[in-house]
Amino acid sequence: MNDHCEAESPDHSSDINSENSSGNDRIKAIPGWDEDLESAFSVYQGSYLAGRVVSRHKTICEVLVPGAVVQAGISGALQRIGKQPVVGDFIVLLDQPEMGSRMVVNILSRRTCLSRGAAGDGGGEQVIAANLDTIFIVTATGKDLNLRRLERYLAIVYSSGASPVILLNKIDLADDPARLVEKIRTVAGDVPVIPLSALSKTGLDALSPYLNPGETVALIGSSGVGKSTLINSLLGETVQRTGGIREDDEKGRHTTTVRQMFLLPNGAVLIDNPGIREIQLGDSAEGLEKVFSEIVDAARNCRFKDCTHRDEPGCAVLQAVKDGLIPEERLASYHRLTEELIFQSKKAEIGLKRLEKEKFKQIAVDIKKYRKFTGKQ
Ligand SMILES: Nc1nc2c(ncn2[C@@H]2O[C@H](COP(=O)(O)OP(=O)(O)OP(=O)(O)O)[C@@H](O)[C@H]2O)c(=O)[nH]1
Ligand SMILES: [Mg+2]
Ligand SMILES: [Zn+2]
């Protein structure tokens, strides 16, 4: 297997055979594979292979199986039930080289799952990646640094089940990085904030506690903050193309377009992501409570249980703002994001209802067809 999980030509992999792989082989060969996955996979015999999705294209997945990276389609059955394999998924592959076919037929239970609100008016969630242990939220000194945006990132990361770590990149460009770290800490709670420079490779040692064998770390953040540069620096070679940034607003050029997994020599897994344009919250209520834990804590002392912390008498949150314990902009941000969450969930509900309606419309058409066919009324 090559270290960076790039796809091998399918011709080389026709000799992969699950009978050659024992559970131990799988644990060694598929980073992150463990006893639980082994027991979930034990029901599959014969032509089935265990693997992990390295990258996902429209209809094709690149999958790491013991000894190779292969390309596979997605079974019709999975597509019909709307289950989509994403990068980081542990999957079951049906390998039938004699028929020239290799299909992802099942997705094994996800330990963690990073999602965001889906774009468009249908609402719902879009899964970005799965089975992540840690998520590096990457921001950079300069115009990218935005506390309100960091709160959004923290909400979706908390909701994923993975642990967030905030990286402040490009400290080589800042006069006073320590001041910026302090600024970030005002919204970070207990989340570690690590200043570094991916380009000049300073501060990277502080990342090693998160880069353990078999553990998976994804990098997310806006375009141009230096996610791919950091991947290259950690791997010690250029595996990802990096892009310049626009001078006027310091925004990136969306250089990375495909989500992809890379393997560090020690067996840790890194996932590079395309820059996120806009983070919608999706179903992140739980995450939001963690991001604003000081507001949630104060709210326990509000006079009314359903206090909205806007103008109610006896509101402990408003009192804490008055006393200077909670910054006003934190409460404003909390209100904004909570409203957005309610809006998103309403949108999702409407989307679901529409789907239901469409389903029933389809059933009505089917009944009509059936009646016509059988002559029954
Ligand atoms: N000065 C400085 N520049 C950096 C640093 N890290 C990255 N850059 C530069 O920032 C630009 C964008 O870097 P990328 O690594 O492509 O950013 P990205 O986050 O992967 O961007 P997308 O793939 O578009 O999401 C490049 O010109 C890098 O050389 C750093 O630590 N210091
Ligand atoms: Mg990139
Ligand atoms: Zn209140």
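Ligands are counted one by one from 1 in listed order, and the atoms in each one are counted from 1 as well.
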Quick one: do Glu339 and Arg310 make a salt bridge, cutoff under 4.0 Å? yes
Could you go through the side chain to side chain donor-acceptor pair (under 3.5 Å) check for Arg52 and Thr216 one step at a time? CA-CA 12 Å; Arg52 191 163 192 197; Thr216 305; 3.0 Å; yes
Does Asn266 reach the main-chain N or O of Leu211 with its side chain, forming a donor-acceptor pair under 3.5 Å? yes
Side chains of Ser228 and Asp272: any donor to acceptor distance under 3.5 Å? yes
Any donor-acceptor pair under 3.5 Å linking the side chain of Ser233 with the backbone of Leu230? no
Are Arg336 and Glu151 ion-paired here, with the side-chain N under 4.0 Å from a carboxylate O? no
Less than 3.5 Å apart, any donor N or O on the side chain of Thr139 or Arg149 sitting next to an acceptor on the other? no
Protein residues near ligand 1, heavy-atom distance below 4.0 Å? Asn169, Lys170, Asp172, Leu173, Ser197, Ala198, Leu199, Ser222, Ser223, Gly224, Val225, Gly226, Lys227, Ser228, Thr229, Thr242, Gly243, Gly244, His254, Thr255, Thr256, Pro274, Gly275
Quick one about Asn273 and Arg259 (side-chain donor to acceptor, distance below 3.5 Å, no hydrogens or angles considered), yes or no? yes
Any side-chain donor-acceptor pair under 3.5 Å between Arg116 and Gln126? yes
Ignoring hydrogens and angles, write down the donor-acceptor pairs under 3.5 Å from the side chains of residues 285-297, residues two or more places apart or on other chains.
from   : atom 1 : to     : atom 2 : distance (Å)
Glu294 : OE1    : Arg330 : NH2    : 3.1
Glu294 : OE2    : Arg330 : NE     : 2.8
Glu294 : OE2    : Arg330 : NH2    : 3.2
Asp297 : OD1    : Arg300 : NH1    : 2.8

Can you list, by chain and residue number, the protein N, O or S atoms under 2.8 Å from the Mg ion (ligand 2)? Ser228 OG, Thr256 OG1
Return all protein N, O or S atoms below 2.8 Å from the Zn ion (ligand 3), chain by chain in residue order. Cys302 SG, Cys307 SG, His309 ND1, Cys315 SG
Where do Thr238 and Asn232 land on the side chain to side chain donor-acceptor pair (under 3.5 Å) test, with the steps shown first? CA-CA 5 Å; Thr238 305; Asn232 290 342; 4.6 Å; no
Any heavy-atom pair between the side chains of Ile27 and Glu35 that's under 4.5 Å? yes
Donor-acceptor pair between Tyr48 and Asn106 side chains, under 3.5 angstrom: no
